[in-house]
Amino acid sequence: ALINPKLFADPLSPQTQMSSTGYSSILNQLACFSDIDFRKTGSIYLGHTDQKAERYQKFPNLLGWSKDHLRAVTSKDVQEMTGYQTPHDGVFYPDAGSVNPQKLVQKYLEGINVKTGQTVTPNDLTDFDVVVIANGADAIHLDILNDISFDLIRGQVTYIKQPENLTTLKHAISYGGYISATHNGILSVGATFDRETDQPIIKSDDNKKNIDLLAQALPDFDHELEVADEWVGIRCSTSDYFPVIGKLPNHKNIYTHLALGSAGTVTSLIGAELIASEITNTPLPVNLDTKKALLAQRFFDRKLKRAI
């Protein structure tokens, strides 16, 4: 899983705050963990459209980050940094990297009594002091969440062997899709966005889609590549592409931590910190506008407006 923030059009928006604060939070936490395969490779975002290229070049100044943590790069800079040609300028996050998500989850669960395979009915939810619903795509099966506009998006990742005639890739690169830094001779290339099915099935055509998109951004990859493996998963998102985190309306003890989309590794920790701060009545890790924007209440409000 890549550890880098998403770039949004408005640098002051709740989306940007959630992404940038989450990025800082997860990096601080990863520094305290061992045995999670965290690799600080740095990550380059390419402005693969004219609009994004212009936006990305402005981001370092708008966010006010030090050049040690975020800086604009030209296409020539990218070639010097990676050994790969690209027609696009972009930005570089030196602190970004990748982590093994399974090992990270196991680290989070250390010291916690976890019971799986338990049947829980709606009536059971009132028996607990606090309930946090964090079941990903399965949230669509809970009647209590029917008013939330979930969007399930299938995504396939393609693993290719590092071509022997090309430079070993030292940095992850995002360009609409993404390619990881080389690890054990393998490059991860992803990921598709498929709304045609919510089943985690492998599609051979998706490997070609991932590789074609890669070759558009990095033409050096525009030749026959050897696919080593593939993986598929189902993202849980929402109609407005923003997570649903916080207290569920009309329920004093039920919270949601859902719809993290394709950026869950970065935003999951800050989301958990936000819920914990609400439960314990301690200072919030994000500003009030961001907290409100994350609440499920927004879907109830929109439904009410449509009914009027």
Side-chain angles (χ1 to χ4, degrees), residues 1-9 11 15-16 18-20 22-24 26-27 38-60 62-63 65 69-75 77-99 101 153 155-160 162 166-183 186-193 206 209-222 225 231 233 235 237 241 260-267:
L2 296 185
I3 303 295
N4 47 231
K6 296 184 73 172
L7 299 173
F8 295 92
Q15 288 82 357
T16 299
M18 187 66 180
S19 183
S20 59
Y23 175 63
S24 177
I26 187 67
L27 286 178
F38 175 60
R39 299 187 302 132
K40 182 179 175 180
T41 62
S43 182
I44 299 169
Y45 266 82
L46 297 178
H48 56 285
T49 67
D50 291 341
Q51 184 181 33
K52 289 189 175 183
E54 182 179 359
R55 182 199 310 168
Y56 290 0
Q57 291 296 303
K58 295 178 181 178
F59 248 77
L62 290 173
L63 289 179
W65 289 17
H69 303 290
L70 172 63
R71 67 177 187 268
V73 291
T74 65
S75 59
D77 293 331
V78 174
Q79 183 172 356
E80 291 176 351
M81 294 165 64
T82 66
Y84 288 82
Q85 298 182 42
T86 180
H88 308 298
D89 298 337
V91 292
F92 177 55
Y93 288 92
D95 302 311
S98 64
V99 68
I153 306 172
Q156 183 167 315
V157 178
T158 304
Y159 300 100
I160 62 173
Q162 168 70 50
L166 295 178
T167 304
T168 298
L169 190 57
K170 296 180 179 179
H171 304 299
I173 303 176
S174 297
Y175 43 82
Y178 69 83
I179 184 169
S180 70
T182 307
H183 184 55
I186 298 294
L187 295 154
S188 303
V189 183
T192 56
F193 284 80
D206 279 8
K209 290 178 182 178
N210 284 332
I211 291 171
D212 286 349
L213 188 60
L214 167 64
Q216 290 175 27
L218 300 169
D220 290 324
F221 283 103
D222 190 14
L225 299 172
W231 177 89
R235 308 177 186 90
S237 185
Y241 302 101
L260 305 184
S262 60
T265 311
V266 172
T267 57

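Keep in mind the model is a prediction, meaning the values are calculated, not measured. Hydrogens, waters and symmetry mates play no part in the numbers below; they use all other heavy atoms, side chains included.
No side-chain heavy atom of Met18 sits under 4.5 Å from any side-chain heavy atom of Gln15. Considering only heavy atoms from C-beta on, Ser98 comes within 4.5 Å of Arg39 through its side chain. Between Leu2 and Thr265 there is no side-chain heavy-atom pair separated by less than 4.5 Å. Residues Leu27 and Phe38 meet the side-chain proximity criterion, which asks for heavy atoms closer than 4.5 Å. Annotation: side chain of Arg71 is in contact with side chain of Pro94 (closest heavy-atom distance under 4.5 Å).
The salt bridge (Lys or Arg N to Asp or Glu O under 4.0 Å) contacts involving residues 80-97 comprise Lys40-Asp95, where partners must be two or more places apart or lie in separate chains.
Judged by distance alone, with hydrogens and angles left aside, the side-chain atoms of Thr182 form a donor-acceptor pair with the main-chain N or O of Leu169 at under 3.5 Å. A donor-acceptor contact shorter than 3.5 Å links the side chain of Tyr45 to the backbone of Pro5. With hydrogens and angles disregarded, a donor-acceptor distance shorter than 3.5 Å links the side chain of Thr192 to the backbone of Gln156.
Here the straight-line distance linking atom OG1 of Thr82 with atom CD1 of Ile173 works out to 5.0 Å at 0.5 Å rounding. Distance CD1/Ile44 to OH/Tyr175: 12.5 Å, rounded to 0.5 Å. How far CZ of Arg235 is from CZ of Phe193: 4.0 Å, rounded to the nearest 0.5 Å. Distance CD1/Ile179 to OG1/Thr158: 10.5 Å, rounded to 0.5 Å.
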Name every donor-acceptor pair, under 3.5 Å, that has one atom in a side chain of residues 213-221 and the other anywhere in the protein, sequence neighbours excluded.
from, atom 1, to, atom 2, distance (Å)
Asp220, OD2, Gln85, N, 2.9

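Residues satisfying the side-chain hydrogen bond (donor to acceptor under 3.5 Å, both in side chains) criterion with Asp222, sequence neighbours excluded, are absent altogether. Annotation: salt bridge (Lys or Arg N to Asp or Glu O under 4.0 Å) contacts of Lys209 (sequence neighbours excluded): Asp206. With sequence neighbours excluded, the residues forming a ring pair (Phe, Tyr, Trp, His ring centres under 6.0 Å) with Phe92 are His171, listed by chain and number. The salt bridge (Lys or Arg N to Asp or Glu O under 4.0 Å) test applied to Lys58 returns Glu54, not counting sequence neighbours. Every residue was checked against the side-chain hydrogen bond (donor to acceptor under 3.5 Å, both in side chains) condition with Thr167, not counting sequence neighbours, and none meets it. Judged as a side-chain contact (heavy atoms from CB on, under 4.5 Å), and not counting sequence neighbours, the contacts of Trp65 are Ser20, Tyr23, Leu63, His69, Leu70, Tyr93. Scanning for side-chain hydrogen bond (donor to acceptor under 3.5 Å, both in side chains) contacts around Ser19 gives an empty result, with sequence neighbours left out. Not counting sequence neighbours, the partners of Ser43 by the side-chain hydrogen bond (donor to acceptor under 3.5 Å, both in side chains) test are Asn4. Checked against salt bridge (Lys or Arg N to Asp or Glu O under 4.0 Å), Asp77 has no partners two or more places apart in sequence or in another chain. For Tyr178, the ring pair (Phe, Tyr, Trp, His ring centres under 6.0 Å) criterion is met by no residue, not counting sequence neighbours.
Nearest heavy-atom pair, Ser237 versus Ile153, reported as atom, atom and distance to 0.1 Å: CB-CD1, 4.2 Å. The two atoms that bring Val73 and Val91 nearest to each other are CG2-N, 3.8 Å, heavy atoms only. In plain terms, the two heavy atoms of Ala191 and Val157 that are nearest each other are CB-CG2, 4.1 Å.
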Would you sort out whether Lys6 and Ser262 count as a side chain to side chain contact (heavy atoms under 4.5 Å, CB included), showing the intermediate values?
CA-CA 10 Å; Lys6 296 184 73 172; Ser262 60; 3.8 Å; yes

